[in-house]
Asks: 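Here's a structure for you.
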Amino acid sequence: MKPFLLISTRPEDHLAEEERDAFLRFGGLDEHELVQFRLEKQPLPEFDPAAWSGIMLGGSPFDTSTPRVNKSELQLRVEHELAGLLDQIVPLDYPFLGACYGVGTLAVHQGGRIDTLYSEDAGNTTIRLQPEGLADPLLQGIPAQFTAFVGHHEACSQLPRTAQLLASSQFCPVQMFRVGTNMYGTQFHPELDTRGFLNRVDQYRDAGYFSDYEAVYAANSNVDTEAANRILANFVARYAA
């Protein structure tokens with residue numbers, strides 16, 4: 001099969017490696033079936049849609065809603081190149097799954113609004129599928145309610161007109177949406193299980209995602225995220241070419 005492309009923007013080498021390992025494991029992929037590109041390290045090369053089964057975009061320390069004047073040159077480059085990639089693949093309705101940062105990237109490209117109105121502290125939450133989500137092929141076999149990890153300063157407060165809402169939670173109305181037939185964004189992290197989440201907590205304990213490290217660690221030390229993780233396997237099974 002053609003490999004999947006995982007685009008990462010995390011500057012920490014060990015977290016980027018863990019992110020790749022998580023997409024491999026929960027996607028059910030072999031090493032050669034997933035190619036990771038570290039966009040924070042070098043510019044994105046010319047993208048050939050025929051060479052890949054699909055694209056997955058991992059989370060990021062970057063905030064989409066940060067005023068442009070306050071963004072680093074690196075962040076501006078990353079955003080510009082991701083926007084150019086979406087310019088290319090949205091008209092193709094190309095298989096795409098963006099986790100957390102992917103919601104903001106895809107939503108802004110399509111004219112949605114990203115702001116801090118529905119931010120969520122780092123932790124687990126209950127995701128509820130909307131009627132369209134219950135019928136979506138990518139979410140077949142996923143229960144109507146499931147647990148996933150979140151942690152974000154910003155979220156989508158207004159869906160693009162081109163998007164279909166698939167899932168929500170109590171404090172964040174847009175947890176997952178679809179553009180076209182094959183392009184998805186999730187606010188939650190389908191690649192995180194307990195171990196991966198706690199590693200992120202350790203790394204970002206001073207980044208403002210939570211106020212009480214010990215409480216967050218204790219409350220999220222034994223969380224069943226199997227259903228959320230299964231979304232990655234569904235994506236691979238549906239689009240492997």
Side-chain angles (χ1 to χ4, degrees), residues 4 6-8 10 15 18-29 34 54-60 95-107 118-152 154-156 163-178 182-201 204 209-210 216-217 219-240:
F4 286 86
L6 171 62
I7 299 176
S8 298
R10 297 187 184 280
L15 288 186
E18 287 178 5
E19 184 172 69
R20 178 178 181 273
D21 288 346
F23 276 92
L24 277 171
R25 180 158 48 103
F26 294 122
L29 292 163
L34 182 70
I55 298 171
M56 293 180 274
L57 174 64
S60 178
F96 174 88
L97 177 62
C100 195
Y101 187 50
V103 159
T105 303
L106 184 56
Y118 297 113
S119 63
E120 292 180 289
D121 287 345
N124 69 85
T125 193
T126 300
I127 308 297
R128 297 177 174 84
L129 297 184
Q130 299 298 308
E132 189 72 19
L134 292 169
D136 190 274
L138 188 66
L139 297 170
Q140 292 306 294
I142 306 298
Q145 295 188 25
F146 60 91
T147 303
F149 283 116
V150 298
H152 49 99
E154 60 183 12
C156 182
Q164 178 64 57
L165 181 64
L166 301 180
S168 303
S169 66
Q170 181 179 2
F171 299 110
C172 184
V174 180
Q175 284 286 355
M176 184 174 185
F177 67 80
R178 186 189 70 240
N182 301 309
M183 307 194 71
Y184 296 86
T186 70
Q187 185 64 73
F188 61 90
H189 287 274
E191 84 284 8
L192 283 185
D193 59 2
T194 294
R195 181 183 65 184
F197 174 78
L198 294 180
N199 287 342
R200 299 267 181 96
V201 168
Y204 297 124
Y209 290 106
F210 49 85
V216 169
Y217 210 94
N220 296 282
S221 293
N222 187 22
V223 179
D224 180 5
T225 59
E226 186 275 334
N229 303 147
R230 204 188 317 157
I231 293 172
L232 294 182
N234 285 2
F235 185 78
V236 169
R238 187 179 180 197
Y239 295 113

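Note that the structure is predicted; figures quoted are calculated from it, not measured. We use all heavy atoms of the structure for the numbers below, so side chains are in, but hydrogens, waters and symmetry mates are not.
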Asks: Can you find a heavy atom in the side chain of H152 that is under 4.5 Å from one in the side chain of C172?
Replies: yes
Asks: With a 4.5 Å heavy-atom cut-off, do P95 and M183 have their side chains touching?
Replies: no
Asks: Mind checking whether R25 and D193 have side chains closer than 4.5 Å, heavy atoms only?
Replies: yes
Asks: Any idea which heavy atoms bring A167 and L165 closest together, and the distance?
Replies: O-CD1, 3.5 Å
Asks: If you compare all heavy atoms of L106 against all heavy atoms of F177, which two are closest, and at what distance to 0.1 Å?
Replies: CD2-CE1, 3.7 Å
Asks: Counting C-beta onward and ignoring hydrogens, is there a side-chain heavy-atom pair between T194 and T225 closer than 4.5 Å?
Replies: no
Asks: Does a side-chain heavy-atom distance below 4.5 Å link V201 with Y217?
Replies: yes
Asks: Minimum heavy-atom separation for G151 to C100, with atom names?
Replies: O-SG, 4.3 Å
Asks: Is there side-chain contact between P190 and F26, with heavy atoms separated by less than 4.5 Å?
Replies: no
Asks: Do you know the tightest heavy-atom contact between F197 and N220?
Replies: CE2-CB, 3.5 Å
Asks: Kindly list each side-chain donor-acceptor pair under 3.5 angstrom involving residues 231-238, sequence neighbours excluded, with atom names and distances?
Replies:
unit_1: N234; atom_1: ND2; unit_2: L138; atom_2: O; d: 2.8
unit_1: N234; atom_1: ND2; unit_2: Q140; atom_2: O; d: 3.2
unit_1: R238; atom_1: NH1; unit_2: Y184; atom_2: OH; d: 2.8

Asks: I'd like to check L29 versus F23 (side-chain heavy atoms, cut-off strictly below 4.5 Å). Are they in contact?
Replies: no
Asks: Locate the shortest heavy-atom distance separating Q130 from S168; write the atom from each residue and the value.
Replies: NE2-OG, 3.4 Å
Asks: Checking side-chain hydrogen bond (donor to acceptor under 3.5 Å, both in side chains) for the pair Q145/T126: CA distance, chi angles, key distance, verdict?
Replies: CA-CA 6 Å; Q145 295 188 25; T126 300; 5.3 Å; no
Asks: Between C156 and Y118, what is the shortest heavy-atom contact and its length?
Replies: O-CD1, 4.3 Å
Asks: Report yes if the side chains of E19 and R200 come closer than 4.5 Å at any heavy-atom pair, otherwise no.
Replies: yes
